[in-house]
Amino acid sequence: MTGFKSDFLRTLDERGFIHQISDPEGLDAACVKGPITGYIGFDATATSLHVGSLIQIMMLHWMQQTGHRPISLMGGGTSLIGDPSFKDEARKLLTPADIDANIAGIQKVFDRYLAYGDGPTGAMMINNADWLTKLNYLEFLRDVGRHFSVNRMLSFDSVKLRLDREQSLSFLEFNYMILQGYDFVELNRRTGTVLQMGGSDQWGNIVNGIDLGHKMGTPQLFALTSPLLTTSSGAKMGKTASGAVWLNADLLSPYEFWQYWRNTEDADVARFLKLYTTLPMPEIARLAALGGSEVNEAKKILATEVTALLHGRDAAVAAAETARKTFEEGALSADLPTVEIPRSELEAGLGVLAAFVRAGLAGSNGEARRSADGGGLKVNDATLTDVKRTLGLGDLNETGAIKLSLGRKKHVLLKPV
RNA sequence: GGGGGAAUGUCCCGAGCGGCAAAGGGGGCGGACUGUAAAUCCGCUGGCUAGGCCUUCGUAGGUUCGAGUCCUACUUCCCCCA
């Protein structure tokens, strides 16, 4: 449906966030009537979220910007179980200590996107461990469990994958969707939440919560899912050679984060500007209209805006400047990713291949050797030809570091300490 | 309950007469061309103290000078009969 009356849905719609809504007219009407409360749950399976979650965070952001109250729900309780949806095997079980540490890491990011506070549109940070860990089993079965039809749960696509392949789906995992459904009801009771959002793979789990709400006497609840995001070439978002594109700066520096967006494919620029920046639509339309090599300007703006939201404007501008010096002037920027190395090792002479491994540009000496064979390694901008040479203090350049490059895009400074 | 088939390079799919570091894809990385894009072409895609050594084919044993390949047991999955 198009032609939403509420600012919230209109914004999400025109920016490409909407995949499915359970009752579009009903939700639209509720949004027009006054501030509503909605949430998205985040698994605590790693110490940082990655770009795959950014679209969800942006939905919460817009929710607040358009006059509603967003809740970021930490899955402290549900992560004890692990979401089996569309997975073909069980995840490793996390300990409560792991999960607490993960939540601590994840929370840091949200302050950038949401304004937490008590007002009618103040965001809330809630952990579902608050109630899930206190449940009494028999009580829970009688109050909540009786509303779930196993027949129906078995029919969900998210579990079918496992069942069709006759792979074991433990009772523990099977309960995940019940707990997620219960979360929705519990949040409604505690905060008046009426909307749960999430990726399209969460549709079944969310609708389950709505059904449970009906049976347990909540007001009408709503589901809204975002499309599963892939790049134009079909790759899942957030994967690079070196691993996931983390949001936390200690796992991926602002410069590297900026680079990830700078390298967006042409065909994705407009879509990403709408999803991941807060630039006004007319401005995005202007950038999207740029043709040929001019799209590079749009990509730089995309990279800077996305980075500014996450790491702050200063860090984004600095990243852009480092990139400009490195790529456009070919000059040496002291702000490139830096790896420190004991001065004594340099004095003793460090094998070049080992140096590239230390810098994180190669996984092993063999890999570094192959890259060199292909002409892909550079030391201080000179192509490496002798893989047996060693690096010493004499290789330090004017900034007191050694610049190691893999390909044209990846540069690391090796700095003695 | 009975019968038949399958598990391969820790990214995925997939060939593999007892001599195999193991065909071929996809993906990824690098090079050329460009615009730090896409498409295209080329190279690489177990580890190491590097022409020699070490570790890999579901798990554990066995046969053999030598096992991904043959035998036994186990695990998991697929198909057929009941």
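All values below were derived from every heavy atom in this structure, side-chain atoms included, with hydrogens, water molecules and symmetry-related copies excluded. Lettering of chains follows the sequences in order, A, B, ..., and the numbering in each one begins at 1.
By the side chain to side chain contact (heavy atoms under 4.5 Å, CB included) test, A/N127 is found to be paired with A/M74, A/I103, A/A129, A/D130, residues two or more places apart in sequence or in another chain being considered. Not counting sequence neighbours, A/Y255 has no partner by the ring pair (Phe, Tyr, Trp, His ring centres under 6.0 Å) test. For A/S371, the side chain to side chain contact (heavy atoms under 4.5 Å, CB included) partners are A/L377, A/L406, not counting sequence neighbours.
Taking atom NZ of residue A/K325 and atom P of nucleotide B/rU36, one finds them 19 Å apart after rounding to whole Å. A/N263 places its CG atom 11 Å from the C1' atom of B/rG35, with the value rounded to the nearest Å. Rounded to an integer number of Å, the gap from CH2 of A/W261 to C1' of B/rA37 is 16 Å. Rounded to whole Å, the distance from CD on A/E297 to P on B/rU36 is 11 Å. Computed from coordinates, the A/R262 CZ to B/rG35 C1' distance equals 8 Å when rounded to whole Å. Rounded to whole Å, atom P of B/rC44 lies 17 Å from atom CG of A/L406. Atom CG in A/N296 sits roughly 4 Å away from atom C1' in B/rG35 (whole-Å rounding). One can place CZ of A/R271 at 15 Å from P of B/rA38, the figure rounded to the nearest angstrom.
Put simply, CD1 on A/I178 and CG on A/N208 are 8.0 Å apart, with the number rounded to the nearest 0.5 Å.
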Side chains of residues 53-63 of chain A: which donor-acceptor pairs under 3.5 Å do they make with residues two or more places apart or in other chains?
unit_1	atom_1	unit_2	atom_2	d
A/H61	ND1	A/Y113	O	2.8

For residues 338-345 of chain A, please give each side-chain donor-acceptor pair under 3.5 Å, one per line with the distance, not counting sequence neighbours.
unit_1	atom_1	unit_2	atom_2	d
A/T338	OG1	A/L336	O	2.9
A/E345	OE1	A/R358	NH1	2.9
A/E345	OE2	A/R358	NH2	3.2

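Between the P atoms of B/rC12 and B/rG19, the separation comes to 27 Å (whole Å). Nucleotides B/rG14 and B/rG27 place their C1' atoms 14 Å apart, quoted to the nearest Å. Separating the P atom of B/rA67 from that of B/rC54 is a span of 14 Å, rounded to the nearest Å. Taking atom P in both B/rG46 and B/rA22, one finds a spacing of 10 Å when rounded to whole Å. To the nearest whole angstrom, the two P atoms, one in B/rG61 and one in B/rU10, are 22 Å apart. Distance noted for atom P between B/rG68 and B/rA60: 13 Å (whole Å). For the P atoms, the distance linking B/rC77 with B/rA82 amounts to 23 Å, nearest Å. For the C1' atom pair drawn from B/rG5 and B/rC44, the interatomic distance equals 36 Å after rounding to whole Å.
In this model, the phosphate group of B/rA37 is approached by a side-chain N or O of A/K409 to a distance below 4.0 Å at OP1 or OP2. A/K410 has no side-chain polar atom (N or O) that falls below the 4.0 Å cut-off from OP1 or OP2 of B/rC29.
Ring geometry for A/Y39 versus A/F184: interplanar angle over 60°, hence perpendicular rather than tilted (30 to 60°).
Set against B/rA37, B/rU36, B/rG35, the side chain of A/V295 has B/rG35 as its closest nucleotide.
When both distances must be under 3.5 Å, the Watson-Crick or G-U wobble mate of B/rU49 does not exist. Under the Watson-Crick or G-U wobble criterion, with both distances below 3.5 Å, B/rC33 is left unpaired in every strand shown. A 3.5 Å limit on both hydrogen-bonding distances identifies no Watson-Crick or G-U partner for B/rG18. Look at B/rU59: its Watson-Crick or wobble partner, with both distances under 3.5 angstrom, is B/rA73. Under the Watson-Crick and G-U wobble criteria, each requiring two contacts below 3.5 Å, nucleotide B/rA38 is left unpaired.
With A/K299 as the fixed residue, the side-chain hydrogen bond (donor to acceptor under 3.5 Å, both in side chains) test singles out one of A/N263, A/T264, A/D266, A/T304: A/D266.
A/Q259 comes within 4.0 angstrom of a nucleotide base, judged by non-hydrogen atoms across all strands.
With no hydrogens or angles considered, a side-chain donor-acceptor pair links A/Q180 and A/Q202 at under 3.5 Å.
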The contact string for nucleotides 46-52 of chain B, one letter per nucleotide 5' to 3', using protein heavy atoms under 4.0 Å with B, S and - for base, sugar-phosphate only and none, comes out as -SSSB--
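For B/rC20, the O4'-C1' to base torsion is within 90° of 0; the nucleotide is therefore syn.
Residue A/K378 is the one, among A/S293 and A/K378, whose nearest nucleotide of RNA chain B lies closer to the 5' end (criterion: closest heavy atom).
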